[in-house]
Amino acid sequence: MTGCRISGTERVLGVVVCVSIVDAAAYPVAFLRMDGLAPGCIDVCNKKARTAALFHMDSADFALAAVS
């Protein structure tokens, strides 16, 4: 079901994405990626999810905190 929703995103928005889901301890739970994604994006996606879990912050909020 989730894979279908992600595939629909490409058709509507013309983008490809990957999704990394981790638990509260930052251990991997699930990972999905669409075809056509640059290989380096996979590592970035996993690290971004891990950082968000460990700092208990949204990625966008973490970026703002790092700048200030």
Side-chain angles (χ1 to χ4, degrees):
M1 184 73 136
T2 304
C4 294
R5 289 186 186 147
I6 289 175
S7 294
T9 302
E10 181 182 17
R11 279 195 305 260
V12 174
L13 301 176
V15 297
V16 292
V17 298
C18 63
V19 178
S20 183
I21 300 171
V22 297
D23 64 13
Y27 288 105
V29 175
F31 180 80
L32 298 167
R33 76 171 177 84
M34 297 171 67
D35 292 338
L37 193 70
C41 295
I42 296 167
D43 191 43
V44 171
C45 180
N46 289 329
K47 288 180 178 179
K48 190 173 175 182
R50 179 175 158 73
T51 300
L54 292 175
F55 285 91
H56 303 283
M57 301 178 90
D58 255 0
S59 296
D61 295 338
F62 188 80
L64 290 174
V67 173
S68 53

### Query
Do you know which two heavy atoms are closest between Met57 and Asp61, and how far apart they sit?
CE-O, 3.8 Å
### Rounded distance (nearest 0.5 Å) linking atom OG1 of Thr51 with atom CG of Asn46
10.5 Å
#### Entry: Considering all heavy atoms, the nearest Val22-Ala53 contact
CG2-CB, 3.6 Å
### Message
What I'd like to find out is whether the side chain of Phe31 reaches to under 4.5 Å of the side chain of Ile42, using heavy atoms alone.
### Response
yes
### Message
Are Ile21 and Tyr27 connected into the same hydrophobic cluster when the rule is that any two of I, L, V, M, F, W, Y join if their side-chain heavy atoms are below 4.5 Å apart?
### Response
no
### Query
Does Ala25 offer a backbone N or O that forms a donor-acceptor pair with the side chain of Asp23 under 3.5 Å?
yes
### Message
Rounded to the nearest 0.5 Å, what separates atom SG in Cys45 from atom CZ in Arg33?
### Response
11.5 Å
### Task
Determine the minimum heavy-atom distance between Cys41 and Cys18, stating which atoms define it.
O-SG, 3.7 Å
### Query
Should Val29 and Val19 be counted in the same cluster of Ile, Leu, Val, Met, Phe, Trp and Tyr side chains packed under 4.5 Å apart?
yes
